[in-house]
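One structure is given below, represented as structure tokens, and several questions about it will come after.
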Amino acid sequence: MAKSFAQQIISWYKNHMRELPWRLTEDPYKIWLSEIILQQTRVAQGLPYYEKFIAKYPTVHDLAVAPQDEVLRMWQGLGYYSRARNLHSCAQSVVEDYDGHFPETYEELQKLKGVGKYTAAAIASFAFKKKVPVVDGNVFRVLSRFLVIDKDIADPKNFKLFFEASKELISEDQPDLYNQALMELGATLCSVSKPACLLCPVAEECQARIEGKQTELPIKLKKVKVRKRYFYYLLIEQNEKLLMGKRGPNDIWQGLFDFPLIESKNVLSTPELEKELSSIFPKQKHFKYELSNSVKHILTHQIIEAFFISIDMKKAQIKINGYSWYDEGEVEELPKPRLVDKYLKENFY
DNA sequence: GATTCGTGGGG
DNA sequence: TCCCCAAGAAT
């Protein structure tokens with residue numbers, strides 16, 4: 001009897017797998033941590049963060065008792081910061097509600113903060129050898145090609161179709177290796193633009209390749225709308241200290257620190273800017289300020305054009321709600337958005 | 001259920 | 001320069 005799809009990709013995987021640290025362990029904590037870090041993130045970008053976290057927090061207990069600002073600072077630069085907040089909260093839940101042990105089933109795992117269908121399937125199969133298929137961007141791509149599934153992968157109602165398709169193909173005794181092989185195939189050979197079909201272990205049976213449709217699949221319809229925002233950051237320094245504050249909910253960078261901010265839907269003229277400034281500092285009649293060149297910062301749904309305004313306030317009493325003074329050492333330790341961190345590194349430290 | 005959450009790299 | 005998108009989840 002011919003080798004099954006699962007058998008073929010698993011034997012290919014065994015010969016080509018990259019020996020990443022989270023693949024050389026069965027510790028659910030390490031597997032969970034790696035999966036959270038790798039959500040919407042490439043291995044090359046996430047790997048140093050994984051090493052850093054494991055060194056700082058060897059066990060889920062170490063992570064649970066850490067201060068949240070420290071965890072956010074550790075996460076700085078990786079993006080999607082709700083992952084860090086949920087990571088921390090999840091660690092505390094595992095310690096308090098599960099006696100320090102991760103739950104083992106697909107359903108129970110999804111009750112944890114930051115753990116959805118993909119991550120639950122990954123932990124259940126990698127750590128506990130459960131027969132649950134993972135469905136991520138790679139799986140959508142590989143299966144849509146292998147089976148010629150021309151349904152929109154951006155539409156959540158089509159998730160089940162791929163989940164069930166993979167469930168039909170998953171290995172009975174090596175579900176973990178099957179899932180990893182499927183993702184690795186998508187991450188390496190079965191790439192978005194130029195799939196390396198000549199190297200593919202299942203090219204012979206790939207329906208898209210047979211029909212010459214590799215690059216037409218998968219179908220993804222949704223396009224993101226991008227919003228433009230203009231940030232005028234106020235750099236206010238007194239006695240070697242800088243005024244900074246923690247960002248609140250319902251916007252980007254929740255929990256991270258930045259400077260007092262004037263936001264606008266469009267570029268401000270000099271009079272407009274000065275009017276804004278004087279409304280923030282009503283008591284100051286005249287003060288000097290210096291406006292930086294604009295810095296573009298691109299997010300998934302927003303393009304931010306930022307200006308940094310250094311303000312000379314002399315010895316005036318300055319108080320802005322929600323902001324406090326931090327010296328250089330303290331500023332260094334605060335979790336900050338990339339945009340802010342870069343500016344500080346280039347102009348202050 | 002459509003939207004919103006970062007950042008960096010590749011084509 | 002622009003577009004895509006990468007081991008998704010929460011709201």
Side-chain angles (χ1 to χ4, degrees), chain A residues 13 17-18 20-23 30-50 72 75-87 89-90 109-127 133-142 152-159 162-163 166 176 179-188 190-195 215 218 220-227 229 247-256 258 296-304 335-342:
Chain A
Y13 178 64
M17 73 172 275
R18 294 168 284 176
L20 300 163
W22 48 84
R23 288 178 174 165
K30 293 181 178 174
I31 290 169
W32 162 74
L33 176 63
S34 74
E35 291 304 333
I36 303 298
I37 287 175
L38 292 174
Q39 286 168 6
Q40 297 291 284
T41 305
R42 293 172 198 283
V43 168
Q45 192 186 359
L47 182 54
Y49 285 83
Y50 173 84
L72 278 171
W75 200 270
Q76 178 176 299
L78 200 50
Y80 284 157
Y81 296 93
S82 66
R83 288 185 294 169
R85 299 192 304 273
N86 288 333
L87 182 85
S89 163
C90 179
L109 280 161
Q110 286 181 67
K111 294 179 182 172
L112 299 173
K113 279 193 180 175
V115 177
K117 290 197 289 286
Y118 164 77
T119 306
I123 299 171
S125 69
F126 301 167
V134 296
V135 179
D136 72 334
N138 292 309
V139 175
F140 275 127
R141 189 167 53 256
V142 173
D152 178 19
I153 65 167
D155 190 337
K157 76 171 188 290
N158 290 326
F159 175 88
F162 288 85
F163 183 86
S166 197
D176 51 339
N179 280 334
Q180 289 176 25
L182 199 51
M183 288 193 290
E184 189 76 351
L185 197 59
T188 57
C190 199
S191 57
V192 179
S193 59
K194 289 192 294 179
T215 54
K220 190 172 186 180
L221 297 181
K222 232 183 337 195
K223 307 187 207 318
V224 295
K225 281 177 285 191
V226 179
R227 174 166 61 120
R229 302 172 77 175
R247 292 181 62 86
N250 307 321
D251 200 358
I252 56 172
W253 302 329
Q254 183 183 338
L256 276 60
D258 61 2
K296 257 201 186 124
H297 191 80
I298 299 169
L299 292 74
T300 305
H301 294 84
Q302 313 182 14
I303 296 178
I304 295 166
K336 300 169 289 293
R338 204 47 154 180
L339 172 64
V340 170
D341 190 51
K342 266 185 187 166

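A, B, ... follow the sequence lines: proteins, then strands. Residue 1 opens every chain.
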Q) NA contact type, A:D251, heavy-atom cut-off 4.0 Å: base, sugar-phosphate, or nothing? A)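 The residue A:D251 makes sugar-phosphate contact but no base contact.
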
(Q) Which is more 5' along DNA chain B, the nucleotide nearest A:K225 or the one nearest A:H297? Just name the residue. (A)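 The 5'-side residue here is A:K225.
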
(Q) Just the rounded figure in Å: distance from P of C:dC4 to CD1 of A:I303. (A) 13 Å

Q. In whole angstrom, what separates A:L299's CG from B:dG8's P?
A. 10 Å

**Q.** Residues that A:Q110 engages under side chain to side chain donor-acceptor pair (under 3.5 Å), provided they are two or more places apart
**A.**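 With sequence neighbours excluded, A:Q110 shows a side chain to side chain donor-acceptor pair (under 3.5 Å) to no residue whatsoever.
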
Q. Mapping A:H301 and A:P337 to their closest nucleotides on DNA chain B, which lands nearer the 5' end?
A.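 This one resolves to A:H301.
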
Q: Verify, without hydrogens or angle tests, whether A:R83 (side chain) and A:I36 (backbone) share a donor-acceptor contact under 3.5 angstrom.
A: yes

Q | Phosphate OP1/OP2 of B:dC5: any A:W75 side-chain N/O under 4.0 Å | A |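 No, outside the criterion.
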
Q) Listed by chain and number, what are the side chain to side chain contact (heavy atoms under 4.5 Å, CB included) partners of A:A121, not counting sequence neighbours? A) A:Y106, A:V132, A:V134

Q) How long is the line joining CG of A:L339 and C1' of B:dT7, in whole Å? A)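 Rounded to whole Å, this separation is 12 Å.
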
Q) Do any side-chain nitrogens or oxygens of A:Q76 fall under 4.0 Å of OP1 or OP2 in B:dG6? A) no

(Q) Please report the distance, rounded to the nearest Å, between OH in A:Y81 and P in B:dG6. (A) 7 Å

Q) For the residue pair A:C190 and A:V142, what are the closest heavy atoms and their distance? A)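 Closest pair (atom of A:C190, atom of A:V142, distance): CB-CG2, 3.9 Å.
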
Q. What is the distance from CD1 of A:I298 to P of C:dC4, rounded to the nearest Å?
A. 13 Å

Q: Check for a donor-acceptor pair, side chain of A:Q76 on one end and backbone N or O of A:K336 on the other, with a separation under 3.5 Å.
A: yes

Q.
Output the rounded distance in Å from CG (A:L256) to P (B:dT7).
A.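 Spelled out: CG on A:L256 to P on B:dT7 is 8 Å.
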
Q) What pair of heavy atoms forms the shortest contact from A:L72 to A:A84, and how long is it? A)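 Smallest interatomic distance, heavy atoms only, reads CD2-CB, 3.9 Å.
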
Q: May I have the distance from A:K342 (atom NZ) to B:dG6 (atom C1'), rounded to whole angstrom?
A: 12 Å

Q. Roughly how far, to the nearest 0.5 Å, is CE of A:M183 from OH of A:Y13?
A. 7.5 Å

Q | Distance between C1' atoms of C:dG8 and B:dG1 (Å, rounded) | A | 16 Å

Q: Send over the distance from A:L78 CG to B:dG9 P, rounded to a whole Å.
A: 12 Å

Q.
Under 4.0 Å, heavy atoms only, any strand: does A:I252 hit a base, just the sugar-phosphate, or nothing?
A.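 Result for A:I252 = sugar-phosphate.
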
(Q) Base, sugar-phosphate or nothing for A:G46? Non-hydrogen atoms, less than 4.0 Å. (A) nothing

Q.
Tell me whether the NZ or CZ atom of A:K117 lies within the 45° cone about the ring axis of A:F159 and under 6.0 Å from its centre.
A. yes

Q.
With rounding to the closest Å, how many angstrom separate the P atoms on B:dG8 and C:dA9?
A. 22 Å

Q) Heavy atoms under 4.0 Å, any strand shown: does A:Q180 hit a base, just sugar-phosphate, or nothing? A)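 Since no nucleic acid heavy atom lies under 4.0 Å of A:Q180, the category is nothing.
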
Q | Between C:dA7 and B:dG11 - P atom distance, rounded Å | A |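 One P to the other, the span is 15 Å.
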
**Q.** Protein-to-nucleotide contact annotation, 5' to 3' order, nucleotides 5-11 of chain C [B base; S sugar-phosphate only; - none; under 4.0 Å, heavy atom]
**A.** BBBBSS-

